[in-house]
Amino acid sequence: MLEGDVVVVRGVGNGLKTAVLLGGLSALILLAGQWIGGTTGLLVAGLIALAMNGFSYFYSDRLALRAMRAVEVGPREAPGLHRMVRELSARAGMPMPRLYISPTSAPNAFATGRSPEHAAVCVTEGILGLLSERELRGVLGHEISHVGNRDVLIASVAAGLASMVMILANLAQLGALFGFGSVDDDGPGLLEVLLFALLGPVAAGLIQAAISRSREFEADASGARVTGDPLALAAALAKIERAARARPLVADGRTAPVSALMIANPFSAASAARWFSTHPDTAERIARLQAMSRGVARV
């Protein structure tokens with residue numbers, strides 16, 4: 001895993017799972033598009049989804065940082081934090097990302113940016129006051145790994161595919177309402193169209209959430225390899241989980257979209273069903289990191 005002074009970030013199990021889930025989402029779109037509106041319906045949905053998510057992909061960093069009222073800091077304003085990020089970036093073989101601090105009291109952190117060359121890492125004032133230097137280093141390793149693993153790109157692709165399912169579901173509803181459907185005699189009936197309109201978005205949401213959870217597991221593992229200290233991240237996650245339950249972030253139109261980027265669910269743990277959660281269960285994440293520290297293979 002070490003090549004000179006650079007840690008090579010790898011992951012097979014979670015990467016394969018992500019590929020399978022993306023493939024499943026793509027297959028759902030192809031089947032539904034051909035089934036409901038033929039090639040034309042599929043192309044229309046694809047173009048709309050591409051336009052919607054292209055903007056999000058290129059400007060996701062600005063939108064997320066603005067939502068958290070984050071301020072960029074340099075080595076003069078935050079020397080210790082800057083030093084840790086610079087060191088971990090070098091170990092991961094990546095450029096130094098821009099570094100931001102959010103005035104939010106809820107402890108959390110996130111990474112954003114469409115590529116390692118256009119990346120930003122943000123921490124809240126709450127996490128700076130909660131974690132020890134060792135634990136904070138574990139969190140930063142996790143966030144830098146998100147950048148190296150191109151997780152913003154993967155999340156954007158997943159969001160684009162999920163958007164296509166939503167658009168096709170809306171087309172299905174319109175088709176059922178106005179009596180439109182496939183031009184083929186073997187096209188779907190009214191009941192089938194309505195079932196897809198209801199269940200398609202649910203299936204897409206479940207797959208999208210599963211992809212997000214898979215990427216969190218992967219960032220945990222690769223981040224722990226970068227820092228060489230899985231237990232530091234495990235301890236940080238336990239602290240963040242307890243603090244989030246005691247002082248959850250207020251969910252509103254600005255912060256809700258950013259929550260999926262954060263290292264842990266910033267809202268009340270009871271507020272989201274497990275299957276639809278973008279974050280894995282914290283206890284399972286800690287167990288995997290503890291197994292990693294003992295040299296036990298975990299997928």
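With sequence neighbours excluded, the residues that form a side chain to side chain contact (heavy atoms under 4.5 Å, CB included) with A109 are V123, I127, V139, E143. For E77, the side chain to side chain contact (heavy atoms under 4.5 Å, CB included) partners at least two apart in sequence or on another chain are V73. Residues passing the side chain to side chain donor-acceptor pair (under 3.5 Å) test with S102 are T104, sequence neighbours excluded. In terms of the salt bridge (charged side-chain N to carboxylate O under 4.0 Å, His left out) criterion, residue partners of R83 (sequence neighbours excluded) are, by chain and number, E133. Partners of P79 under the side chain to side chain contact (heavy atoms under 4.5 Å, CB included) rule, at least two apart in sequence or in another chain, do not exist in this structure. Residues satisfying the side chain to side chain contact (heavy atoms under 4.5 Å, CB included) test with H118, not counting sequence neighbours, are R114, S115. Not counting sequence neighbours, the partners of E87 by the salt bridge (charged side-chain N to carboxylate O under 4.0 Å, His left out) test are R137. Residues passing the side chain to side chain donor-acceptor pair (under 3.5 Å) test with T282 are E241, sequence neighbours excluded.
Rounding to the nearest 0.5 Å gives a distance of 10.0 Å between CE of M68 and CG of L261. With values rounded to the nearest 0.5 angstrom, L136 atom CG is found 11.5 Å from T227 atom OG1. Rounding to the nearest 0.5 angstrom, the gap separating the CG atom in L88 from the CZ atom in R86 is 11.0 Å. With values rounded to the nearest 0.5 angstrom, M262 atom CE is found 5.0 Å from N108 atom CG.
Each side chain to side chain donor-acceptor pair (under 3.5 Å) pair with one or both residues in residues 229-239, not counting sequence neighbours, appears once here: R134-D229, E135-K239. The ring pair (Phe, Tyr, Trp, His ring centres under 6.0 Å) analysis of residues 129-152, with sequence neighbours excluded, yields the pairs H142-H146.
Remark: side-chain polar atoms of S222 are paired, donor with acceptor, to backbone N or O of E218 under 3.5 angstrom.
T278 and N265 share no donor-acceptor pair across their side chains, judged by distance under 3.5 Å alone.
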Would you check, one step at a time, whether the test side-chain contact (heavy atoms from CB on, under 4.5 Å) holds for I263 with F110? CA-CA 6 Å; I263 191 170; F110 65 91; over 6 Å; no
Derivation and outcome, side-chain contact (heavy atoms from CB on, under 4.5 Å), residues V226 and I144: CA-CA 9 Å; V226 168; I144 287 169; 5.6 Å; no
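Note on M96: it clusters hydrophobically with M94, by side-chain heavy-atom contacts below 4.5 Å among ILVMFWY residues. Linking ILVMFWY residues whenever their side-chain heavy atoms come closer than 4.5 Å, directly or via other members, leaves L231 and L233 in distinct clusters.
Taking the side chain as every heavy atom from C-beta outward, S89 and P97 approach each other to under 4.5 Å. Within the 4.5 Å cutoff, no side-chain heavy atoms of T124 are placed close to those of S105. Taking 4.5 Å as the limit, every side-chain heavy atom of T112 sits out of range of all side-chain heavy atoms of C122. With a 4.5 Å cut-off on side-chain heavy atoms, E72 and L99 do not count as touching. The side-chain heavy atoms of V258 and L63, taken from C-beta on, include no pair separated by under 4.5 Å.
Because its NZ or CZ atom is both nearer than 6.0 Å to the ring centre of F217 and within 45° of the ring axis, R288 counts as a cation-pi partner of that residue.
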